[in-house]
Amino acid sequence: MIEREYTSDVTADRSGEQVAVAGRVHDVRDLGGIVFLILRDARGELQVVFKEEDDADLFERVQELNREAVVRIEGEVTASDQAPGGVEMVPDSLEVISESTTPLPMEVSKDVDANLDTRLDQRFMDLRKPEVRAVFSLRSKLLAGMTAWFDEEGFTNVDTPLLSQAGAEGGADLFPVLYYDKEAFLSQSPQLYKQILMGADFDRIYEVGKAFRAEDFGTSRHVSEIGMFDVELSYIEDHDDVMDVQEDSLRASIEYATEHAQRELDVLEVDPELPDERFPRISFSEARSILETEYDHVPEDADDLDTKGEKLLGEYFEEQGHPAFFVVGFPNEKFYYMQDVPGDDIASRKFDLIYRGQEISSGGQREHDYERLLQRMEEDGVDPESFDFYLDAFEYGMPPHGGYGLGIDRLVQKVADLDNIREAILFPRDPERLTP
RNA sequence: GCCCGAGUGGUGUAGUGGCCCAUCAUACGACCCUGUCACGGUCGUGACGCGGGUUCAAAUCCCGUCUCGGGCGCCA
């Protein structure tokens, strides 16, 4: 490794020590007889002072540097009231490791904001900004906290195929790919495989994966390649058991992030803390009546909440101190794999988790009865024969089970309070964007 | 897929028919400046998405096209 220390470790109390730092030329402030170089690395910045009288050669060379060049500087730590953070460095040597050309495709060190599209086009440069990178360390911690909870609870981390013959939810909006000489599709959900694993007695599983949706949307909360945190578990009484898992794991995730990513949360100026009380679980019909009585809003589709409805409900519960809540029991289930119990007073065993006015996960109890599943598939116009690989797992005994899929990108977007979901993804994919 | 709105130097913007061979900031180049911290100052380089059309005259109006943003649908 190249010998260096992080700028965050170069502190005033180390005054007099010789250290080496490496990073980027954030800025060069040439005041005439004195030049300040601000060096930026992954953890912070450090001011390096060049004076003509100290070293004429270094003094000349620092003025030739371009912003964003990669350099390594050795020198002496100096405490100074005039320096930012009370500490700076007096250099002995300056090595240019990699030059940078000009002009930059966007500003990194100046307060000139770029549009999101420009930022995404120049993502490598955009990501050099600490406040942009903070989103991704936060994302990493949210996932770490969540997986830690599942590991602790005895869930097995699995991987299911991203290439398959057919989608779980019909043939529309799938990306076709050429699979040798056959047509295949990119997975839109690990749903069928999670259930097969329930039939294989895995009992409790989670998967951190991807899902692909070929819908031609154009919103700030949709992308074509989605980060998904999928969960499935067996021997549940009903969908409430699944919601318990969803709620507890989300709490664990956010608590972990609050503990291990406080610096990032500060940089992003957000506080994702959840109240101690359990998330409210309201029925679909309660949701509709809140919308109608409180906001005079009636979603057009009688079987669903619309975007505006979700936002309004989000406001309603936010005011009551609940950024997260479940809407349970949607009257007309669309998909055969969801359990639809005749005469069930909650209409169906499906739930959506709404966090800060946005649906971030969706799940429920699944149909585990082979005959009813067959019947539902036929009602949905799905040919059971092409799903033999799935149905076989039900024919030889299937425990009652349920699960959900959580949109990781949406979770990060909401926790970090980002305007656009693309900001929560390093290299987002949408109908127009396939690079970088 | 539908409905709005917008495309101006590297970046972010001002400019709604002639006052625009286009404003400001930042960047970039040159010069001045010994404590800046978005350093400051002087000078300079650099742009109207693309293709048609209307008009004596178009960044500005119209049509098409591409791209972006917002909303809706749909969802995670």
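Since we're looking at a predicted model, the values are computed, not measured. In what follows, every chain begins at residue 1, and chains take the letters A, B, ... in the order their sequences are listed.
Look at Thr307(A) and you'll find a side-chain N or O under 4.0 angstrom from OP1 or OP2 of rG73(B). The shortest distance between the side-chain N/O atoms of Asn115(A) and the OP1/OP2 oxygens of rG12(B) is below 4.0 Å. Contact check, Thr102(A) against rG10(B): no side-chain N or O comes under 4.0 Å of OP1 or OP2.
Taking atom C1' on both nucleotides, rC48(B) is separated from rG7(B) by 10 Å, rounded to a whole Å. For the P atoms, the distance linking rG69(B) with rU13(B) amounts to 13 Å, nearest Å. When the C1' atom is used for both rG12(B) and rC21(B), the distance is 24 Å, rounded to whole Å. Comparing rC50(B) with rU67(B), their C1' atoms are spaced 11 Å from each other, to the whole Å.
Under the rule for a side-chain hydrogen bond (donor to acceptor under 3.5 Å, both in side chains), the partners of Glu379(A) that lie at least two apart in sequence or sit in another chain are Gln375(A). Checked against side chain to side chain contact (heavy atoms under 4.5 Å, CB included), Ser361(A) has the following partners two or more places apart in sequence or in another chain: Gln246(A), Phe351(A), Leu353(A), Tyr404(A), Leu406(A). Scanning for side-chain hydrogen bond (donor to acceptor under 3.5 Å, both in side chains) contacts around Asp117(A) gives Arg433(A), with sequence neighbours left out. Looking at residues two or more places apart in sequence or on another chain, you find no side-chain hydrogen bond (donor to acceptor under 3.5 Å, both in side chains) involving Thr147(A). Looking at residues two or more places apart in sequence or on another chain, you find a salt bridge (charged side-chain N to carboxylate O under 4.0 Å, His left out) between Arg40(A) and Glu68(A).
Remark: Asp27(A) in residues 8-27 of chain A come within less than 4.0 Å of RNA chain B through at least one heavy atom. Within residues 352-364 of chain A, the residues that have a heavy atom under 4.0 Å from RNA chain B are, in order of number, Glu359(A), Ile360(A), Ser361(A), Ser362(A). Within a heavy-atom distance below 4.0 Å of RNA chain B, no residue of residues 120-134 of chain A is found.
In this structure, Val35(A) reaches neither bases nor backbone, as no heavy-atom distance under 4.0 Å exists between it and the strands shown. Contact annotation for Lys110(A): backbone-only contact, meaning every heavy-atom pair under 4.0 Å involves sugar-phosphate atoms and none involves a base. Counting non-hydrogen atoms under 4.0 angstrom, Glu52(A) reaches nothing in the nucleic acid. Residue-level contact check: Ser109(A) touches neither bases nor backbone, having no heavy atom under 4.0 Å from any strand. Using a 4.0 Å heavy-atom distance criterion, Gln413(A) is classed as making no nucleic acid contact. Here Pro84(A) lies in heavy-atom contact (under 4.0 Å) with a base. Nucleic acid contact for Asp113(A): sugar-phosphate only, since backbone atoms but no base atoms lie under 4.0 Å from a heavy atom of the residue.
Judged by distance alone with a 3.5 Å cut-off, no donor-acceptor contact links the side chain of Arg67(A) to the base of rA27(B). Scanning atom types as modelled, one donor and one acceptor separated by under 3.5 angstrom connect the side chain of Glu88(A) and the base of rG35(B).
Of the candidates rU26(B), rU67(B), rG70(B), the closest approach to any side-chain atom of Ser220(A) belongs to rG70(B). Closest to the side chain of Glu53(A), out of rG12(B), rC74(B), rU34(B), is rU34(B). The side chain of Lys311(A) sits closest to rG71(B) out of rU34(B), rG71(B), rA76(B). Listed nucleotides: rC33(B), rC74(B), rC68(B). Nearest to the side chain of Glu215(A): rC74(B).
Pairs of residues two or more places apart, or lying in two chains, that qualify as salt bridge (charged side-chain N to carboxylate O under 4.0 Å, His left out) and include a residue from residues 218-231 of chain A are Lys194(A)-Asp230(A), Lys210(A)-Glu225(A). Residue pairs satisfying the salt bridge (charged side-chain N to carboxylate O under 4.0 Å, His left out) criterion with at least one member in residues 309-332 of chain A, sequence neighbours excluded, are absent.
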Please tabulate, for the side chains in residues 12-22 of chain A, all donor-acceptor contacts under 3.5 angstrom to protein atoms that are two or more places apart in sequence or on a different chain.
from, atom 1, to, atom 2, distance (Å)
Asp13(A), OD1, Thr11(A), OG1, 2.6
Arg14(A), NE, Glu17(A), OE1, 3.1
Arg14(A), NE, Glu17(A), OE2, 3.3
Arg14(A), NH1, Glu5(A), OE1, 2.7
Arg14(A), NH1, Asp9(A), O, 2.8
Arg14(A), NH2, Glu5(A), OE1, 3.1
Arg14(A), NH2, Glu5(A), OE2, 3.0
Arg14(A), NH2, Glu17(A), OE1, 2.9
Ser15(A), OG, Ala79(A), N, 3.2
Gln18(A), NE2, Asp92(A), OD2, 2.8

Return the polar atom pairs (N/O with N/O) between nucleotides 46-49 of chain B and the protein under 3.5 Å, or none.
none

